[in-house]
Amino acid sequence: MKQNLLGMQLKELETFFISINERPFRSKQVFQWVHQKGTSEFSEMTNLSKELQSKLSELAEIKVPEVIYEKDSIDGTKKWVLSVGSGDLVEMVLIPEKKRATLCISSQVGCAVDCSFCATGKQGFSRNLDLSEIIGQLWIAEKAFEDQKDKSTRKVTNVVMMGMGEPLLNFDAVTGAMQMMMDDRAYGLSKRKVTLSTSGLVPLIDKLSEVTDAALTISLHAPNDELRNQLVPINKKYPINDLLEATKRYVEKCGDSRKTTIEYILIDGVNDSLQDAKELSVLLRKLPSKINLIPFNPFPGSAYKRPSSTRVQSFKKALQKNGYITTIRTTRGEDIMAACGQLIGQVNNDKTRKKERSEAKNTMISTKTI
Ligand code: SAH
Ligand code: SF4
C-alpha cells in the first residue's frame, strides 16, 4: 500500500526518505510542496529529479479527502462535503469576513458526546478522522483560494476545531494537525488563530496544555450543573467547577493573558432567562472570560427553539452590565445548513463497524482515569 505523505510531520517524512534510501533534506522540499504550495502530484515538484518523482509515485501518494460537493451560501459562507471512505461524510465550512477567513474543521465522523441540541451528536459516532483527513481540510480550502478568480479575499487566516466531533476525543490526530497548522514550514498560522473548542473533557484539557498553547474555547451552555447535565451529558462526569479549574490551569500554563472564550448557546425557555444570565455572571468570576452567545440553530427533528432577538439582546445586556465582554455569534450559512451545530455529514452506522465505535466510546469513558 502506498504511504500517504499528507499526514506526516516533517520528522516522519524525514524517516520515510531515509527508509527509501533518499537524503533526509528531501523531506523539507516535499513538505513545502504539499503544504505551502498545495501540490499533490510528485511530477509537479520541480526540484526533485525525474527518477525521484517516479520512485515516489510508486511508493507514496498525497491523498486528500474527496470533495463530494460544495455549496455557496448567499452570505459568502462555503460548505464542503467530504468523503472519507466507507460511506462516511464530513463537512467543513469557510466563513469569509472583511479582513479574515475562518475555516471550521471537523475532527470526527459524528460525535459520541451527544449534546441534546447538536445535529452532529444526534447522528451518532462512526470514527475518528486521521491526521491527513484533518489537515487535508485546510489543504482543500487553501486550494480553493488558489482556483478562484477573485484573489482579493484573504486565504484561510483562522482555523477553529468546531466542525463535527469532539476534538479532544481524537487527541493525537487533532493536536498533530494543529501543530502542522502552526508550523512555519507548513501553514504558519499563529497560535492565537488556531482554536480548539471542547465540551469539557477535563483530563484531556490538562493533557492538551502539555503539547500546545493554541487558543481554547469552552462550550459551557449552562450556568449550573443541573442544567448542564441535561444539555451536555459529559458534565455528569466532569462538572462545571472542575471544567473551569482545568481551563484556568490551561490558560496559566500557556502564559496567556487573554480571556478565555466561553461559548453559550441560547435555547428558548431552556437556558436564556435573566436569572440564568445572573448565575452565569457569578459563576464566571472565577475565570477571566469573554462570552460568545450562539442563538440556537434549528435542525430537522429538534424540539428546541431559537429565542427571539429581544430575548437574546437582554441576555447579552445582562452579562455586559456585569462587566463581561459579550458577543453574539451572527449566524452564517444557515441557508446551506452550514451554521454551528447543523453539520451532519453522513455517519456510517453500519452494524459491522460496531466494534470500532464501542472502542471509541471506551476511550471517552477511560479519559477519566488519565
Ligand atoms: N465538540 C466541540 C466542537 C464542535 S461543536 C464542542 O462542543 O465544543 C462547535 C460549537 O457549536 C459548540 O460550541 C457547540 O456547542 C455549538 N453548537 C452545537 N449545536 C448547535 C446548534 N444546534 N446551534 C448552535 N450552536 C450549536
Ligand atoms: Fe459533540 Fe460538540 Fe455536538 Fe456536543 S456540541 S455533540 S461535543 S460536536
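Whatever order the structure lists them in is the order used to number ligands and atoms, beginning at 1.
For the pair Asn297 and ligand 1, the shortest N or O to N or O distance falls below 3.5 Å. On a distance-only criterion, Gly165 and ligand 1 share at least one N/O pair closer than 3.5 Å.
Ring to ring, Tyr264 and Phe315 are close: their centroids are under 6.0 angstrom apart.
Every atom of ligand 1 is numbered from 1 in the order shown, and the set under 4.0 Å from a heavy atom of Ile294 is 13 (O), 24 (C), 25 (N). Under a 4.0 Å criterion applied to the non-hydrogen atoms of Cys118, ligand 1 contributes the atoms 18 (C), 19 (N). Here is the list of ligand 2 atoms found below 4.0 Å of a heavy atom in Gly121: 6 (S). The atoms of ligand 2 that sit less than 4.0 Å from any heavy atom of Ser199 are 7 (S). Counting the atoms of ligand 1 from 1 in the order shown, those under 4.0 Å from a heavy atom of Gly163 are 4 (C). Within the listing of ligand 1, atoms 3 (C) sit less than 4.0 angstrom from a heavy atom of Met161. Ligand-side atoms of ligand 1 in range of His221: 13 (O), 14 (C), 15 (O), range being under 4.0 angstrom from any heavy atom.
Among protein heavy atoms, the minimum distance from atom 4 (Fe) of ligand 2 is reached at Cys115 SG, 2.3 Å. At the top of the distance list for atom 3 (Fe) of ligand 2, counting protein heavy atoms only, stands Cys118 SG, 2.3 Å. The nearest protein atom to atom 1 (Fe) of ligand 2, hydrogens excluded, is given as Cys111 SG, 2.3 Å; this is a heavy-atom distance.
The backbone of Thr198, and not its side chain, has at least one atom closer than 4.0 Å to an atom of ligand 1 (non-hydrogen atoms only; backbone = N, CA, C, O). At a heavy-atom distance under 4.0 Å, only backbone atoms of Asp114 (N, CA, C or O) approach ligand 2. Under 4.0 Å from ligand 1, the heavy atoms of Ile265 that appear belong solely to its side chain. The proximity of Ser197 to ligand 1, defined as any non-hydrogen pair under 4.0 Å, involves the side chain as well as the backbone. With a 4.0 Å heavy-atom cut-off, ligand 1 is reached by no atom of Met164.
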request  = Test Glu133 against Lys63 for salt bridge (Lys or Arg N to Asp or Glu O under 4.0 Å), laying out the working first.
outcome  = CA-CA 9 Å; Glu133 291 161 339; Lys63 189 166 174 270; over 6 Å; no
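Just one of Thr260, Thr261, Thr195, Leu208 meets the side chain to side chain contact (heavy atoms under 4.5 Å, CB included) condition when paired with Leu216; it is Leu208. Looking at Ile234, Thr198, Leu168 one by one, the single match for side chain to side chain contact (heavy atoms under 4.5 Å, CB included) with Val113 turns out to be Ile234.
For Gly165, the closest heavy-atom approach to ligand 2 falls below 4.0 Å. Distances from ligand 1 to the non-hydrogen atoms of Cys111 include no value under 4.0 Å.
Within 6.0 Å of NZ on Lys28 lie no more than 12 heavy atoms contributed by other residues, nucleotides or ligands. At most 12 non-hydrogen atoms from other residues, nucleotides or ligands lie less than 6.0 angstrom from CZ of Arg23. Surrounding NZ of Lys122 are more than 12 heavy atoms belonging to other residues, nucleotides or ligands, all under 6.0 Å away.
The two residues Met181 and Ile134 come nearest to each other via the heavy atoms CE-CG2, 4.5 Å.
Seen from the ring of Phe171, Lys207 counts as a face-on cation partner, given the 6.0 Å and 45° thresholds.
With 3.5 Å as the limit, one finds a donor-acceptor pair spanning the side chains of Ser126 and Asp88. Judged purely by distance below 3.5 Å, without hydrogens or angles, the side chains of Asn170 and Gln108 never pair a donor atom with an acceptor atom.
Arg329 places no side-chain N or O within donor-acceptor distance of the main-chain N or O of Asn292, the cut-off being under 3.5 Å.
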